[in-house]
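The structure under discussion appears below in the form of structure tokens.
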There are 2 protein chains.
Amino acid sequence: MALAAPGRREQNKLEKRGRIIAAARALFTHKGFDATTSQEIADAAGVAGGTIFTYARTKEDLLILVFHDEMMEVVERGFVAARGSAGLLDQVIAFFETMVVYHVRDVPLARVLMRQLGYVGSEEQLTLVQELMTRVLGRLAQLVEAAKGQGEVDAASPLLPSARSLFAIYYYHLGALLNGYLDRSQFDRNLRTDLGVLLRGLG
Amino acid sequence: MALAAPGRREQNKLEKRGRIIAAARALFTHKGFDATTSQEIADAAGVAGGTIFTYARTKEDLLILVFHDEMMEVVERGFVAARGSAGLLDQVIAFFETMVVYHVRDVPLARVLMRQLGYVGSEEQLTLVQELMTRVLGRLAQLVEAAKGQGEVDAASPLLPSARSLFAIYYYHLGALLNGYLDRSQFDRNLRTDLGVLLRGLG
DNA sequence: TAAAAAATATGACTGCGCTCATATTTGGGG
DNA sequence: CCCCAAATATGAGCGCAGTCATATTTTTTA
């Protein structure tokens with residue numbers, strides 16, 4: 001029994017961590033971020049109030065923990081969707097479309113999430129956010145590279161800057177959508193227009 | 001004396017509002033946003049604690065109030081600076097440079113400000129932020145239009161989408177700079193590169 | 001296996017932003 | 001000039017996120 005020694009503590013920690021994140025996910029989704037108290041999360045996870053904050057420094061950290069994995073998956077789904085389209089513009093739009101569909105399922109929560117992505121408040125957050133950004137830009141760069149192979153994009157166009165610019169434009173419009181400046185159809189149109197402006201610079 | 005009747009109350013309100021905003025500006029700058037309590041602002045403005053919240057719904061609203069005017073001026077200064085350069089790329093960079101210089105004077109505060117620009121929490125904020133965005137995009141559009149006149153930009157390029165895309169790219173990099181992902185020289189290089197990518201699509 | 005050490009959990013407590021019932025000030029009508 | 005209604009100011013009080021000294025559990029040492 002002593003063999004499991006170096007695992008017992010870690011095991012408990014991991015399991016507890018899982019319960020806390022699951023509880024937070026359920027409550028954030030059901031009641032909203034602001035309306036959920038850290039005490040409620042603690043109760044739902046079966047731990048004391050203060051324990052929450054040994055697993056996440058702040059409530060926002062918890063939000064990032066909750067959604068990091070989901071977002072990584074969404075990006076992968078978006079990449080698959082992109083490969084199902086023809087032409088870089090439509091591919092990129094399919095990619096972003098997947099992410100938008102995910103975000104509009106819960107706009108208030110997506111807003112809080114987006115705010116936090118732009119205001120990293122701890123080392124843990126930094127790691128998770130950077131991982132996510134690297135993945136997104138990497139996938140976009142792959143799409144641009146493939147388009148180069150098709151002769152659709154100038155071979156001289158730098159990959160990472162192109163990916164960054166694509167993302168920057170998407171991100172700007174996503175903010176406008178989530179903040180209610182744009183409705184969905186305006187968003188789609190503006191995004192296509194602006195990405196088109198950029199692509200003519202890549203071709 | 002009764003002639004000033006419709007002005008007395010408004011006068012007092014305006015003056016008090018001015019004191020509150022000035023106190024908030026001083027404290028935010030000197031102590032930082034989080035470290036400044038609403039009570040301190042109230043004390044410095046010579047009003048009771050609760051009075052603050054009849055002039056601004058939240059502490060964040062106060063921040064927007066404080067910096068709205070300054071930012072509007074910075075944009076104008078940026079526009080003037082832009083006109084002093086030749087070529088759209090250098091003009092746009094001069095424009096953004098002015099804004100960056102302003103933001104890096106107080107990075108922590110700029111971070112909070114930027115967070116709030118992307119997460120509008122009240123009608124008052126909405127008005128001020130939209131006013132600012134309209135001004136920025138308007139000025140950028142003017143630069144693009146002038147470049148069209150010089151034959152530097154394709155006459156078919158839509159003005160507003162071009163301005164939006166320029167801003168989107170700037171905004172993305174500004175976030176990276178303020179969050180410490182980039183140092184200043186990396187920022188300058190990346191911004192120039194990415195704006196260059198976009199411009200080749202406009203020309 | 002006993003005792004010391006290290007890691008983790010606990011919940012009473014603190015300080016904050018913000019609210020709200022009450023008090024005060026202001027402007028107009030008689 | 002006085003009274004009344006509306007606007008504004010007040011500060012005690014509330015609920016919350018996050019802290020910290022203490023208690024509990026796990027691992028290591030002997």
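A note on names: the letters A, B, ... follow the listed sequences, proteins ahead of strands, and every chain is numbered from 1. Just so it is clear, the model here is predicted, and its values are computed rather than measured.
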Between [X] and [N], is there a contact of a side-chain N or O with OP1 or OP2 at under 4.0 Å?
X	N	result
A:K16	C:dA9	yes
B:T51	D:dT10	yes
B:Y55	D:dA9	yes

**Asked** Does the ring of B:Y55 carry B:R17 above it, NZ/CZ under 6.0 angstrom from centre and within 45° of its axis?
**Response** no
Without decimals, in angstroms, what is the distance between [X] [atom1] and [N] [atom2]?
X	N	atom1	atom2	answer
A:R19	C:dT8	CZ	C1'	14 Å
B:F53	D:dG13	CZ	C1'	14 Å
B:I52	C:dC20	CD1	C1'	17 Å
A:K13	D:dT27	NZ	C1'	14 Å
A:R57	D:dT19	CZ	P	9 Å

With the side chain defined as heavy atoms from C-beta on, B:K59 is closest, among C:dA9, D:dT8, C:dG17, to C:dG17
Notebook entry, point to check: With respect to the side chain of A:T58, which nucleotide from D:dT8, C:dT8, D:dG18 is positioned closest?
Noted result: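 Closest nucleotide among those given: D:dG18.
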* Asked: Looking at DNA chain D, which of residues 25-48 of chain A put a heavy atom within less than 4.0 Å of it?
  ->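 Result for residues 25-48 of chain A: A:T36, A:T37, A:S38, sorted by number.
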Are [X] and [Y] ion-paired here, with the side-chain N under 4.0 Å from a carboxylate O?
X	Y	value
A:R184	A:E97	yes
B:R189	B:D194	no
A:R200	A:E152	no

Exercise: identify the closest heavy-atom pair between A:Y172 and B:M133: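 Closest approach of A:Y172 to B:M133, heavy atoms only: OH-CE, 3.6 Å.
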Going by the rule side-chain hydrogen bond (donor to acceptor under 3.5 Å, both in side chains), which residues pair with A:T98 if we only count those two or more places apart in sequence or in a different chain?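 Applying side-chain hydrogen bond (donor to acceptor under 3.5 Å, both in side chains) to A:T98 gives none.
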